[in-house]
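Working notes, structure below.
Order of appearance sets the numbers: ligands from 1, and atoms from 1 within every ligand. These numbers were taken from a predicted model, which means no experiment stands behind them. All residue numbers in this chain count up from 1 along the given sequence.
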Amino acid sequence: VFALGAGKLQAQNKPKVKYLSEPLIKSIYTADPSAHVFNGKIYIYPSHDIDAGIAENDNGDHFAMRDYHILSLDRIGGPVTDHGVALDIKDIPWAGRQLWAPDAAYKNGTYYLYFPVKDKNDIFRIGVATSKNPAGPFKAQPKPIPGSFSIDPAVFTDTDGSTYMYFGGIWGGQLQRWATGKYDANGSKTDLMHDDEPALTCKVAKLKGNMLEFDGKVKDVVIVDAAGKPLLTKDHDRRFFEGSWMHKYKGKYYFTYSTGDTHLLAYAIGNNPWGPFVYKGVFMKPVQGWTTHHSIVEFKGKWYIFYHDTELSGKTHLRNVKVTELHHNADGSIQMVDTYTE
Ligand code: FUB
């Protein structure tokens with residue numbers, strides 16, 4: 001995550017901006033919304049942004065979040081409930097700092113909250129907490145998920161009941177430091193630094209039936225171009241950066257993600273949850289603010305994209321979540337979403 005002063009960010013304090021959607025909640029700052037339908041309602045698992053007084057840098061130190069609040073709504077456009085603190089960093093025994101983008105899943109009467117946080121050695125790991133209630137409070141497991149690393153877990157349950165976790169993010173998300181399989185504390189702050197080689201990939205692992213551990217090896221989520229070649233490191237407009245999501249539409253697997261420093265949401269389609277995924281294009285233009293993070297969910301026969309921007313604060317680390325309808329075309333492509341006009 002994060003370089004300073006990119007793209008449309010400079011424009012964010014200009015007057016006469018017209019937004020596609022309203023912030024879903026204005027009493028707290030929220031970001032990275034992972035939306036799910038549980039018991040006929042929409043539950044949103046977002047980051048809870050705060051101003052910790054830390055200067056902005058490319059490592060994302062200014063994103064110093066300390067707890068999670070879960071939001072719910074009965075219908076799109078209806079009132080949004082903030083269920084209060086669902087998990088506090090002080091109640092995660094192994095956590096150091098920075099509670100970043102979470103996700104959630106349900107199985108056999110239990111809800112699972114998956115979250116990235118730096119451990120006491122300042123290395124991002126992914127943890128899991130459980131509750132009998134989709135809105136929490138959640139109780140964290142005593143240790144991170146064995147074999148987990150980096151950020152942005154996105155948990156997808158397929159129609160056969162198998163559950164997969166997609167995760168990873170380069171730059172501040174530290175994925176590049178795991179290129180050899182072990183963490184390199186002196187590794188690059190950005191990417192692999194080899195522009196003409198295949199880009200770093202998002203990771204995917206199947207979850208065991210207990211939803212607390214990986215089942216087998218962590219694998220690469222390879223995105224290829226139309227000719228079947230993996231995208232390259234230098235291809236900043238198309239390669240994976242962070243913020244992945246998976247949804248299934250008409251039997252196809254849609255891997256969606258942020259291109260980070262080029263601020264786009266892109267999609268690639270595959271025939272199974274592991275990939276490879278063929279790059280198809282951009283489906284959301286940059287939002288206001290540096291980061292772009294989303295989720296996609298079907299609710300009552302329509303598809304929606306949850307995302308964030310910085311409408312309320314004008315500051316890149318104080319974001320607000322939003323939602324708008326998402327449309328698939330008859331050929332399976334996704335219609336472009338443009339979240340604001342000047
Ligand atoms: O909210 C902190 C980080 O910013 C997330 O983990 C990234 O996806 C980006 O949205």
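Backbone and side-chain nitrogen or oxygen atoms of His308 are examined, and none is located within less than 3.5 angstrom of a nitrogen or oxygen of ligand 1. For ligand 1, the polar-atom distance check against Thr292 finds no nitrogen or oxygen pair separated by under 3.5 Å.
Clustering of Ile, Leu, Val, Met, Phe, Trp and Tyr side chains at separations under 4.5 Å places Leu312 together with Tyr29, Leu318.
The pair Arg239-Asp261 meets the salt-bridge criterion, with a side-chain N (NZ, NE, NH1 or NH2) lying under 4.0 Å from an Asp/Glu carboxylate O.
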Name every donor-acceptor pair, under 3.5 Å, that has one atom in a side chain of residues 132-141 and the other anywhere in the protein, sequence neighbours excluded.
{"from": "Lys132", "atom 1": "NZ", "to": "Thr110", "atom 2": "OG1", "distance (Å)": "2.9"}
{"from": "Asn133", "atom 1": "OD1", "to": "Ala135", "atom 2": "N", "distance (Å)": "2.8"}

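With ligand atoms numbered from 1 in the order given, ligand 1 contributes 6 (O) to contacts under 4.0 Å with heavy atoms of Ala101. Per-residue contacts place Met65 under 4.0 angstrom from the following atoms of ligand 1 (heavy atoms of the residue considered): 1 (O), 2 (C). Atoms of ligand 1 lying under 4.0 Å from at least one heavy atom of His293, given by number and element, are 7 (C), 8 (O), 10 (O). Atoms of ligand 1 lying under 4.0 Å from at least one heavy atom of Asp152, given by number and element, are 5 (C), 6 (O), 7 (C), 8 (O).
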Starting from the C-alpha separation in whole Å, work towards a yes-or-no answer on salt bridge (charged side-chain N to carboxylate O under 4.0 Å, His left out) for Lys41 and Asp74. CA-CA 5 Å; Lys41 286 168 71 153; Asp74 291 332; 3.7 Å; yes
Apply salt bridge (charged side-chain N to carboxylate O under 4.0 Å, His left out) to Asp82 and Lys26, showing your working. CA-CA 10 Å; Asp82 171 1; Lys26 296 185 176 174; over 6 Å; no
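When non-hydrogen atoms are compared, ligand 1 lies under 4.0 Å from the side chain of Arg319 (C-beta onward) but not from its backbone.
Remark: distances from the non-hydrogen atoms of Gln98 to ligand 1 are all 4.0 Å or more.
Residue Tyr253 forms a side-chain contact (heavy atoms from CB on, under 4.5 Å) with just one option from Asn271, Asp158, Ile269, and that option is Asp158.
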